[in-house]
Number of protein chains: 2
Amino acid sequence: METVEKLTKTLRSHGMKITPQRLMIFKILENNTSHPSAEDVYKKVKKIYPAVSFTTIYKTLETLKELGEVKELTIDEDRKHYDPNTNIHHHVICSACKKILDIFEDFSSHIQLPDFVNKDYTVTGFQISFYGTCKKCN
Amino acid sequence: METVEKLTKTLRSHGMKITPQRLMIFKILENNTSHPSAEDVYKKVKKIYPAVSFTTIYKTLETLKELGEVKELTIDEDRKHYDPNTNIHHHVICSACKKILDIFEDFSSHIQLPDFVNKDYTVTGFQISFYGTCKKCN
DNA sequence: CTCAGTGCAAATGCTTTGCAAATGG
DNA sequence: CCATTTGCAAAGCATTTGCACTGAG
């Protein structure tokens, strides 16, 4: 995700409005490496802006996703998580507490897709999910 | 997943019962590489055993998961998919039609986890999800 | 002013659960 | 027999939607 200031300009250039709710959500997400769920974001925003609604969180996350400013993670079977770091990286998730850690190792040079896949699919990227248990839960 | 016969013995040894519903579900899953959702399984079983209920499908899939006979795939953000092939392998998913293809390439020797991860997590495995579009949808 | 955004309440869609009736061993 | 399984209906959650109201530009 871009900085809040840059993001503001991006939204304006798309004819979108800068509301206090959105600003608070951006603030919470900026440099956030905790891979929050919508509820996580809601709770944090609510602390500094109690009038916010769940609906707005969902809609704003959707907007950010469409703008390519956050990535939706499909790694926790229970709920979606959001990642403001849109650079290619991978994750470990604790199957107990669902804590997600970033892995910035670039494996792309080691990952060669077999030909039959490229014949049937136009592959745009990949994501490695490591599964296990974190120290606390273990 | 084991063969239906072996699976029958496995269930018996766990004090579980072999019902016609379960047998039909096992039959549908045996050698199934289509990564069906619960609904997919339900529809297929219903064709050969119309009396089956959705509840039974869910409960049986849960049972098979607990026995380690199927793996739950968290690759489609919309719904869970089930894979009777429990050997380590990876997937490509079409973001449009959600068709999932198996990739049996063994990348494990190329994937070295950074030390800081092993310090915090006991990693039991990993899963590579390739994203893109299939020929039909493209 | 005007249109995009907000927020409530209701709806949706997948999955789970409570419980009485059915049935496998 | 009787513990397990089934299947209905209802509940449970995460997420989405309809719509009147609000407010940013």
Side-chain angles (χ1 to χ4, degrees), chain A residues 4-5 7-28 35-46 48-67 69-82 98, chain B residues 4-5 7-26 28 35-43 45-46 48-67 69-82 98:
Chain A
V4 176
E5 303 91 73
L7 197 44
T8 298
K9 285 175 194 161
T10 306
L11 288 208
R12 286 232 173 82
S13 74
H14 282 259
M16 294 168 167
K17 291 175 178 173
I18 313 301
T19 65
Q21 289 91 329
R22 282 182 171 173
L23 277 174
M24 295 302 114
I25 295 170
F26 299 166
K27 203 177 215 168
I28 293 297
H35 313 84
S37 63
E39 188 181 5
D40 295 334
V41 176
Y42 173 67
K43 282 181 180 165
K44 289 207 169 176
V45 173
K46 209 167 172 64
I48 50 175
Y49 193 89
V52 79
S53 76
F54 232 124
T55 309
T56 299
I57 304 291
Y58 274 112
K59 282 182 180 161
T60 301
L61 287 171
E62 177 64 24
T63 302
L64 287 172
K65 203 177 78 179
E66 281 167 4
L67 290 172
E69 297 289 338
V70 301
K71 267 188 105 176
E72 203 175 74
L73 302 185
T74 310
I75 186 178
D76 172 3
E77 54 185 31
D78 294 331
R79 55 187 54 74
K80 292 172 187 165
H81 291 258
Y82 295 88
K98 304 302 170 79
Chain B
V4 175
E5 303 93 72
L7 197 44
T8 298
K9 285 175 194 161
T10 305
L11 286 210
R12 287 231 172 84
S13 74
H14 283 259
M16 293 168 168
K17 291 175 178 175
I18 312 301
T19 65
Q21 288 92 329
R22 284 182 170 172
L23 276 174
M24 294 303 114
I25 294 170
F26 298 166
I28 293 298
H35 313 84
S37 64
E39 188 181 4
D40 295 333
V41 175
Y42 173 67
K43 281 181 180 165
V45 172
K46 209 167 171 62
I48 50 175
Y49 193 89
V52 80
S53 77
F54 231 123
T55 309
T56 299
I57 304 291
Y58 274 111
K59 283 181 179 161
T60 301
L61 287 171
E62 177 64 24
T63 301
L64 287 172
K65 203 177 78 180
E66 282 167 2
L67 290 172
E69 297 290 337
V70 301
K71 266 188 104 176
E72 203 174 74
L73 302 185
T74 310
I75 186 178
D76 172 4
E77 55 184 32
D78 294 331
R79 55 187 56 72
K80 291 171 187 166
H81 290 259
Y82 295 88
K98 306 300 170 79

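All values below come from the heavy atoms of this structure, side chains included, with hydrogens, waters and symmetry mates left out. Order of the sequence lines sets the chain letters (A, B, ...), proteins ahead of strands, with each chain counted from 1. Everything numeric in this text was worked out from a predicted model, so none of it was measured.
Between A:Arg12 and D:dG25 there is a side-chain N or O to OP1 or OP2 distance below 4.0 Å. Checking the phosphate oxygens (OP1, OP2) of C:dT6, a side-chain nitrogen or oxygen of A:Thr19 falls inside 4.0 Å. In this structure, A:Gln21 does not reach the D:dG23 phosphate: none of its side-chain N or O atoms is under 4.0 Å from OP1 or OP2.
What separates NZ of B:Lys46 from P of D:dC8 is a distance of 8 Å, to the nearest Å. Remark: C1' of D:dC13 and NZ of A:Lys98 are 13 Å apart, rounded to the nearest angstrom. Put simply, CG on B:Leu23 is 19 Å from P on D:dT4, counting in whole angstrom units. Remark: C1' of C:dT16 and CG of A:Asp78 are 12 Å apart, rounded to the nearest angstrom. Look at CD on A:Glu77: it is 16 Å from C1' on D:dG12, rounded to the nearest Å. When the P atom of D:dA24 is taken as reference, atom CE of A:Met24 falls 12 Å away, rounded to whole Å. Rounded to whole angstrom, the span from the CG atom of A:Asp76 across to the C1' atom of C:dC14 amounts to 15 Å. The CD atom of A:Glu66 sits 11 Å away from the P atom of C:dG5 (whole-angstrom rounding).
Put simply, the side chain of B:Arg22 gets close to the backbone of B:Lys17: a donor and an acceptor are under 3.5 Å apart. Between the B:His81 side chain and the B:His35 main chain, a donor and an acceptor come within less than 3.5 Å of each other.
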Please tabulate the protein-to-nucleotide N/O contacts below 3.5 Å involving nucleotides 16-21 of chain D, giving atom names and distances.
none

Pairs under 3.5 angstrom, nitrogen or oxygen only, protein versus nucleotides 2-4 of chain C, please.
{"unit_1": "C:dC3", "atom_1": "O2", "unit_2": "A:Lys17", "atom_2": "NZ", "d": "3.0"}

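Legend: residues meeting side chain to side chain contact (heavy atoms under 4.5 Å, CB included) with A:Thr74, ordered by chain and number and at least two apart, are B:Thr74, B:Glu77.
By the neighbour-count criterion of 12 heavy atoms within 6.0 Å, atom NZ of A:Lys98 is densely surrounded, having more than that number from other residues, nucleotides or ligands. A:Lys65 NZ: more than 12 foreign heavy atoms inside a 6.0 Å radius.
Residues B:Tyr49 and B:Leu23 have side chains not in contact (no heavy-atom distance under 4.5 Å, counting atoms from C-beta outward).
Electrostatic pairing of A:Lys43 and A:Glu39 counts as a salt bridge here, judged by a charged N lying under 4.0 Å from a carboxylate O. Salt-bridge formation is not detected for the pair A:Lys59/A:Glu62: no Lys NZ or Arg NE/NH1/NH2 atom is positioned less than 4.0 Å from an Asp or Glu carboxylate oxygen.
Comparing B:Ser37 and B:Ile18 by the nucleotide of DNA chain C whose heavy atom lies nearest to each, the residue mapping closer to the 5' end is B:Ser37. Nearest-nucleotide assignment on DNA chain C puts the 5′-proximal partner with B:Arg79, out of B:Pro20 and B:Arg79.
The side chain of A:Ala38 lies closest to D:dT15, out of C:dC8, D:dT15, D:dG7.
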### Task
With side chain to side chain contact (heavy atoms under 4.5 Å, CB included) as the test, would you mind laying out the steps for A:Leu7 and A:Glu69 before giving the verdict?
CA-CA 8 Å; A:Leu7 197 44; A:Glu69 297 289 338; 3.6 Å; yes
